[in-house]
Novice: 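Sharing a structure with you now.
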2 protein chains.
Amino acid sequence: MENNAPLKPTDTELEILQILWQHGPSTVRFVNEEQSKLKETGYTTTLKLLQIMHEKNLVSRDEEARSHIYQAAVTEEETQQRLLDRFLDTTFRGSAMKLVMQALGNHRTTPDELDQIRHLLKKLEDDSSNAAS
Amino acid sequence: MENNAPLKPTDTELEILQILWQHGPSTVRFVNEEQSKLKETGYTTTLKLLQIMHEKNLVSRDEEARSHIYQAAVTEEETQQRLLDRFLDTTFRGSAMKLVMQALGNHRTTPDELDQIRHLLKKLEDDSSNAAS
DNA sequence: ACAATTGTACGAATGCTTTCGTAAAAAGAA
DNA sequence: TTCTTTTTACGAAAGCATTCGTACAATTGT
């Protein structure tokens, strides 16, 4: 049985997952080059991280070719959801409202995006009236 | 000059800050008792943490009485904002929208709260039209 | 006064993340 | 083939957060 623990990636692991989510399956070299754009990172450092992430089942790898190809084994959405739940809990004591208010209040949001949120609000309202039936 | 670094509290430090924010200035013993409600924690463990947080200027302390009184040296709001910025960046690649959508979509929000958000949306819209003048 | 309790200070052990040096295998170039 | 480059694997060092043992000072109770 593979260990399928719902793990919390570390900061660096998340950085690497972002690269894999954005670019799809990649070699160590590619990941390292991307990572180096943000901060100077040794090749074996990236390699080691990917190996550890593989052990934790955060990524899978194809060992067919000599250069192994790594890819994310968790989706961006589920990871974001997991981290959001945790963050909400620890930082905002569970109040999604407070978090949303702060996020909207302090970050540029385009009229278009505001509109999308408005739609979501309407949908949530409809759902909650239906829930009573 | 006091060192006033804009620090990122660790998980445990945040846990303690929450206690101080909720209950105001407190003794080590009180903090430890609150903390123990969540997870068994030794007294000197709490003490050490508070001492470290004091060095980092996350808390201040009144040493008048034998039992020192600790209090948060950072506000809940500024800390939440700082952590939110960081979280948004690392987990949602800066998209406040995506975060808000996920937060609203997956956590119970009361009609009353939805209403508050609606008000904020209207206010944001007004502000952005005024910004053109 | 003296013992027990409560408190602070501090160093060290543990555990986890991140970085890096080095060895050895595989592939490519001359 | 032989030398160089690229790659994987692995162990160990360095850094940080957390926990805990212990020493010792201040206070309280008898």
Side-chain angles (χ1 to χ4, degrees), chain A residues 3 5-20 25-71 74 79 83 86 90-91, chain B residues 3 5-20 25-71 74 79 83 86 90-91:
Chain A
N3 171 13
L7 280 183
K8 165 178 78 91
T10 65
D11 283 356
T12 310
E13 286 171 350
L14 188 55
E15 213 172 279
I16 288 181
L17 282 174
Q18 298 281 14
I19 292 168
L20 294 177
S26 310
T27 60
V28 175
R29 180 144 308 276
F30 180 82
V31 171
N32 177 251
E33 271 157 12
E34 287 299 309
Q35 211 182 355
S36 294
K37 289 179 183 172
L38 306 172
K39 54 167 179 173
E40 191 48 42
T41 309
Y43 177 85
T44 53
T45 301
T46 302
L47 173 65
K48 181 69 168 192
L49 251 302
L50 281 167
Q51 285 168 344
I52 289 170
M53 290 170 76
H54 183 235
E55 265 168 29
K56 293 186 187 176
N57 288 313
L58 282 173
V59 301
S60 61
R61 74 175 168 195
D62 178 349
E63 306 179 4
E64 278 307 296
R66 179 153 102 93
S67 302
H68 299 171
I69 309 282
Y70 288 84
Q71 76 179 310
V74 292
T79 303
L83 292 176
R86 186 191 160 75
T90 59
T91 306
Chain B
N3 170 14
L7 280 181
K8 165 178 78 92
T10 66
D11 283 356
T12 310
E13 286 170 350
L14 187 56
E15 212 173 280
I16 288 180
L17 282 174
Q18 298 282 14
I19 292 168
L20 294 176
S26 309
T27 61
V28 175
R29 180 145 307 278
F30 179 81
V31 172
N32 176 250
E33 271 157 11
E34 287 299 310
Q35 210 180 357
S36 294
K37 288 179 186 172
L38 305 173
K39 55 168 179 172
E40 192 48 42
T41 308
Y43 178 84
T44 53
T45 301
T46 303
L47 173 66
K48 182 70 167 191
L49 250 301
L50 281 167
Q51 286 168 344
I52 289 170
M53 289 170 77
H54 183 234
E55 264 168 30
K56 292 187 188 175
N57 289 315
L58 282 173
V59 300
S60 63
R61 74 176 168 194
D62 178 349
E63 307 179 2
E64 280 306 295
R66 180 155 100 93
S67 300
H68 299 172
I69 308 282
Y70 288 84
Q71 75 180 309
V74 292
T79 304
L83 293 176
R86 185 191 160 74
T90 59
T91 305

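Because the structure is a prediction, the values reported are computed rather than measured. Chain A is the first sequence line, chain B the second, and so forth, proteins listed ahead of strands; every chain is numbered from 1.
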Novice: To the nearest 0.5 Å, what is the distance between CG on A:L83 and OG1 on B:T90?
Specialist: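 So the CG of A:L83 and the OG1 of B:T90 are separated by 8.0 Å.
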Novice: Send over the distance from A:D11 CG to D:dA17 P, rounded to a whole Å.
Specialist: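 Computing the A:D11:CG to D:dA17:P distance gives 12 Å.
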Novice: I want to check something: taking the side chain as every heavy atom from C-beta on, are B:D62 and B:P25 in contact at a cut-off of under 4.5 Å?
Specialist: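 Sidechains of B:P25 and B:D62: no contact.
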Novice: Hey, what are the protein-to-nucleotides 4-9 of chain D N/O distances that come in under 3.5 Å?
Specialist:
from: D:dT6; atom 1: O2; to: A:R66; atom 2: NH1; distance (Å): 3.1
from: D:dT6; atom 1: O2; to: A:R66; atom 2: NH2; distance (Å): 2.4
from: D:dT7; atom 1: OP2; to: A:R29; atom 2: NE; distance (Å): 2.4
from: D:dT7; atom 1: OP2; to: A:R29; atom 2: NH2; distance (Å): 3.0
from: D:dT8; atom 1: OP1; to: A:H68; atom 2: N; distance (Å): 3.0
from: D:dT8; atom 1: OP2; to: A:Y43; atom 2: OH; distance (Å): 2.7
from: D:dA9; atom 1: OP2; to: A:Q51; atom 2: NE2; distance (Å): 3.2
from: D:dA9; atom 1: OP2; to: A:R61; atom 2: NH1; distance (Å): 3.1

Novice: Find the distance B:E13:CD to D:dT18:P and express it as a whole number of Å.
Specialist: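 The answer, rounded to whole Å, is 6 Å.
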Novice: CD of A:E15 versus P of C:dT17: gap in Å, rounded?
Specialist: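 From A:E15 CD to C:dT17 P: 15 Å.
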Novice: Show each protein N/O and nucleotides 12-16 of chain D N/O combination with a separation under 3.5 Å, one pair to a line.
Specialist:
none

Novice: How many Å lie between CG on B:L50 and C1' on C:dC10, as a whole number?
Specialist: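 So the two atoms are 15 Å apart, to the nearest Å.
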Novice: Considering only heavy atoms from C-beta outward, does the side chain of A:K56 approach that of A:V74 to under 4.5 Å?
Specialist: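 Counting from C-beta outward, A:K56 and A:V74 never come under 4.5 Å.
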Novice: How many Å lie between CD on A:E55 and C1' on C:dT18, as a whole number?
Specialist: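 From A:E55 CD to C:dT18 C1': 15 Å.
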Novice: Should A:T45 be listed as having a side-chain N or O under 4.0 Å from OP1 or OP2 of C:dC20?
Specialist: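 It does, given that an N or O in the side chain of A:T45 lies less than 4.0 Å from OP1 or OP2 of C:dC20.
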Novice: What is the distance, rounded to the nearest whole Å, between atom CE of B:M53 and atom C1' of C:dA9?
Specialist: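 So the two atoms are 18 Å apart, to the nearest Å.
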Novice: Can you tell me the distance, in whole Å, between the CG atom of B:L49 and the C1' atom of C:dA9?
Specialist: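 Value for this atom pair: 15 Å.
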Novice: Could you measure the distance from the CG atom of A:L14 to the NZ atom of A:K8? Nearest 0.5 Å is fine.
Specialist: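 Between atom CG of A:L14 and atom NZ of A:K8 there are 10.5 Å.
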